[in-house]
Amino acid sequence: MLALIDANNMYVSCERVFAPRLVGRPVVVLSSNDGACIARSNEAKELGVKMAQPWFQVRHLERTAGLIAVSANFELYSDMSARMMAVAGRYAPRQQVYSIDECFLDFEGVRGELVAIGRQIRAAVLGEVGLPTSIGFGATKTLAKLANHVGKTADRKPGSYPTTLAQVCNFANLDARELADVFAATDVGVIWGIGRKISEKLRAADVRSVLDFVRADAATIRGQFSVVLEKTLMELRGTSCLEMSDIDDVPIAKQQILVSRSFGKAITDPAAIIEAVSEFASRAAEKLRHQQSTAGAVGVFFMTSPFRPNDRPHSVNVTTPLVRPTADSRLLVQAAVNAAEVEFRHGFNYAKAGVILSDIRPASHHQGELDLFANDERAKTHAKDRSALMEVVDVLNCRFGRDSVRIGSSTLASHSAEVRSWATRQERRSPRYTTRWVEMPVVKA
DNA sequence: TCTGGGGTCCTAGGACCC
DNA sequence: TCTGGGGTCCTAGGACCC
């Protein structure tokens, strides 16, 4: 039996732990640039604020309905996430952290009543970390996800499901009839793996509820959609198709590393694009070294805004293969900047840019005898110097703070983050209470 | 005025091989 | 006029997730 545990409105709940004035009020957390709502409290959902809705569209609710908006504070959220995962992990032999706010637990071999255990987990995470959670139990990952959704919804919208399913929902405790009722009352679009496009297509074929979907013909689903959706169907019928990947302690290395931002305002100046791309490449290189990998290709993109119909659209997306995979910031930045210089066009209002590292492999992996340069002693020494230098840079930045040492070209046009024309706005960010000494909350006697 | 920033997996189709 | 058949590998793009 598997469980999915996730934090309710994670980002909002993290903010509330340290700012009790937010409790019971409609609250949203804003994306970078304070552009869109990426988390909503239940009260904000009730005001009609949609996921990813632009802030300017709901801003009037600040005055009319007491809506409170805060800028995203990812440093705080990821630390709170780690604490939550540590607590949840105590209760089952295997845990897979799936995202910042949810993990799967595998209860195989565990004795005891699962709903009762689920309630203990909720109480522990709430008591020790301060985050409210929901828990779903099912025979497969997709069922556990669905049970979690039912548990959360039963709690939030009385009458939607039997109250016994609220907060902690175990499908195994339902008989066939009760399960069919739950499935019939649940929209097909909430199933894990069914997004907007597929649910539209399913509805057009008169498959509207989870029950409709579960009763659909598997071969037809595969033919008209994909093997992926067929797996989803089998999972809902109780046949496991998605394995637990339970590499508990060692995070799986990313196959692609992306750093991108929307600009605070439109960019027309090549120097600004180059500065941004240089900065993104630097940041990506840090992530790359952190997971002890090298990249064999550097991608750069920048584009105009699709939301400004009066702007001429333009979009650049180029990938530069590297002769030899590297994790050296200077080489990665150089490749990214070169591509940006070549592809930049005057006369466009660029709104967003990014750098993607791909063809990622372990840093320990050497090309071996086929790489002629590798046999060149000077080249070997050079490579060693390089990685030693990067190590020093990383250590210094870890000790003295981000950007204590950085690549020269990322400061071409200006000297501080505050004056960089492309820098994102974050006017409402809370203190990083748990990860910065100077921002630690102070208790007054 | 103002519209997120990460990721994953699968598939179709082209390049290329014999 | 008629122009193979079977395979692999790679990439771009589309779907999804949070």
Side-chain angles (χ1 to χ4, degrees), chain A residues 4 6-11 28-40 49-60 62 69 71-74 77-78 81 96-104 141-142 145 148-149 189-202 222-232 241-243 245 251-266 276 280 283-284 287 291 296-297 299 301 303-311 315 317-319 321 349 351-360 424-428:
Chain A
L4 181 87
D6 75 349
N8 302 339
N9 315 325
M10 169 83 173
Y11 300 166
V28 294
V29 173
L30 301 178
S31 63
S32 77
N33 262 331
D34 293 344
C37 306
I38 53 171
R40 307 155 294 156
V49 180
K50 302 295 177 206
M51 186 59 182
Q53 187 166 19
W55 169 233
F56 74 89
Q57 288 178 1
V58 294
R59 184 168 209 158
H60 62 277
E62 263 185 315
S71 303
N73 184 349
F74 288 107
Y77 310 152
S78 78
S81 170
Q96 179 189 354
V97 176
Y98 177 72
S99 75
I100 192 164
D101 77 330
E102 63 192 306
C103 66
F104 290 99
K141 283 182 160 181
T142 307
K145 286 279 279 189
N148 177 281
H149 170 84
V190 309
I191 296 169
W192 191 38
I194 297 184
R196 191 172 51 84
K197 295 272 184 184
I198 291 177
S199 58
E200 272 172 23
K201 203 172 158 187
L202 284 170
R222 170 160 42 175
Q224 294 189 352
F225 295 88
S226 65
V227 295
V228 186
L229 198 62
E230 189 193 20
K231 279 186 189 171
T232 298
C241 302
L242 306 170
E243 298 306 314
S245 78
I252 300 162
K254 309 272 186 243
Q255 300 172 35
Q256 167 184 301
I257 289 171
L258 181 146
V259 176
S260 75
R261 293 283 181 282
S262 296
F263 301 132
K265 62 178 189 184
F280 299 162
R283 203 64 73 209
K287 292 189 189 180
Q291 67 168 36
F301 66 87
M303 60 182 78
T304 53
S305 169
F307 303 108
R308 296 169 60 120
N310 295 331
D311 282 10
S315 155
N317 188 353
V318 285
T319 301
N349 292 323
K352 180 177 181 174
V355 168
I356 306 173
L357 303 182
S358 56
D359 191 11
I360 286 175
T424 56
R425 291 187 306 269
Q426 280 212 310
E427 292 163 359
R428 304 154 174 260

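Throughout, a chain's letter reflects where its sequence line sits, starting with A, and its residues are numbered from 1.
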Open item on the list: Does A/Asp34 reach a base, just sugar-phosphate, or nothing at all? Heavy atoms under 4.0 Å.
Closed with: nothing
Open item on the list: Between B/dC16 and C/dG4, how many Å separate the two C1' atoms, rounded to a whole number?
Closed with: 16 Å
Open item on the list: Counting only side-chain heavy atoms from C-beta out, which of C/dC18, B/dG7, C/dC16 sits nearest to A/Leu258?
Closed with: B/dG7
TODO: Quickly work out the A/Met51 CE to C/dC18 P distance and round it to whole Å.
DONE: 10 Å
Task: Residue whose nearest DNA chain B nucleotide is more 5′ - A/Gln256 or A/Lys231 - done: A/Gln256
Open item on the list: Which heavy atom of A/Phe301 sits nearest to which heavy atom of A/Ser260, and what is that distance?
Closed with: CZ-CB, 3.7 Å
TODO: Remember a base hit wins even if backbone is also touched, and classify A/Arg59 as base, sugar-phosphate or nothing at under 4.0 Å, heavy atoms.
DONE: nothing
- [ ] Identify which one of A/Val190, A/Ile194, A/Ile191 satisfies the side chain to side chain contact (heavy atoms under 4.5 Å, CB included) criterion when paired with A/Ser199.
- [x] A/Ile194
Open item on the list: Let me spell it out: for each of A/Val227 and A/Ala36, pick the nucleotide of DNA chain B with the closest heavy atom. Which residue's pick is nearer the 5' end?
Closed with: A/Ala36
Open item on the list: If you compare every side-chain N and O of A/Lys201 against the phosphate oxygens of C/dA15 (OP1, OP2), does one of them come in below 4.0 Å?
Closed with: no
Task: Value in whole Å for how far the C1' atom of C/dG14 lies from CG of A/Leu229 - done: 15 Å
Task: side-chain N/O A/Ser262 vs B/dG4 OP1/OP2, d < 4.0 Å - done: yes
Open item on the list: Taking any heavy-atom pair under 4.0 Å as a contact, classify A/Leu242: base, sugar-phosphate, or nothing.
Closed with: nothing
Task: Short side-chain N/O contact to B/dG4 OP1/OP2 from A/Gln53, under 4.0 Å - done: no
- [ ] Send over the distance from A/Glu243 CD to B/dC9 C1', rounded to a whole Å.
- [x] 16 Å
TODO: Select base, sugar-phosphate, or nothing to describe what A/Leu30 touches, counting heavy atoms under 4.0 Å on all strands.
DONE: nothing
Open item on the list: Using the side-chain heavy atoms of A/Trp192, tell me which of these nucleotides is nearest: C/dC17, C/dC16, B/dC10.
Closed with: C/dC17
Task: Nearest-0.5 Å distance, CD of residue A/Glu102 to NZ of residue A/Lys145 - done: 3.5 Å
Open item on the list: Any base atoms under 4.0 Å from A/Lys145, or only sugar-phosphate, or nothing? Heavy atoms, all strands.
Closed with: sugar-phosphate
- [ ] Would you mind telling me which of C/dC16, B/dG6, C/dC17 lies closest to the side-chain atoms of A/Tyr98?
- [x] C/dC17
TODO: Look at the side chain of A/Pro54 and decide which nucleotide, out of C/dC18, B/dG6, B/dT3, has an atom nearest to it.
DONE: B/dT3
Open item on the list: Check this one for me: any side-chain N or O of A/Ser32 less than 4.0 Å away from OP1 or OP2 of B/dG5?
Closed with: yes
Open item on the list: If only side-chain N and O atoms count, and only distance matters, is there a donor-acceptor pair under 3.5 Å linking A/Lys201 with A/Gln224?
Closed with: no
Task: From NZ (A/Lys287) to CD1 (A/Ile360), nearest 0.5 Å - done: 10.5 Å
Task: A/Ile356 CD1 to B/dG6 P, straight-line distance once rounded to whole Å - done: 11 Å
Task: Residue A/Phe56, side-chain atoms from C-beta onward, closest of B/dC2, B/dG5, B/dG4 - done: B/dC2
TODO: Determine the contact category for A/Lys287: base if any of its heavy atoms lies under 4.0 Å from a base atom, sugar-phosphate if only primed atoms, P, OP1 or OP2 are that close, otherwise nothing.
DONE: sugar-phosphate
Open item on the list: By the 4.0 Å heavy-atom rule, please label A/Ile257 as base, sugar-phosphate, or nothing.
Closed with: sugar-phosphate
Task: Partner nucleotide, any strand, of B/dC9 [Watson-Crick/G-U, under 3.5 Å] - done: C/dG14
Task: Euclidean distance, atom NZ of residue A/Lys197 to atom P of B/dT11 [Å, nearest integer] - done: 18 Å
Task: A/Tyr77 OH to B/dG4 P, straight-line distance once rounded to whole Å - done: 17 Å
Open item on the list: With side chain to side chain contact (heavy atoms under 4.5 Å, CB included) as the test, pick out the partner of A/Tyr11 among A/Ile100, A/Asn73, A/Asp101.
Closed with: A/Ile100
- [ ] Would you mind reading off the distance between A/Gln96 atom CD and B/dT8 atom P, rounded to a whole angstrom?
- [x] 13 Å
TODO: Could you check how far CD of A/Glu62 sits from P of B/dC2, rounded to whole Å?
DONE: 18 Å
TODO: Locate the shortest heavy-atom distance separating A/Arg308 from A/Asn349; write the atom from each residue and the value.
DONE: NH2-ND2, 4.3 Å
Task: Touch class at under 4.0 angstrom, heavy-atom based, for A/Arg308 against every strand present - done: sugar-phosphate
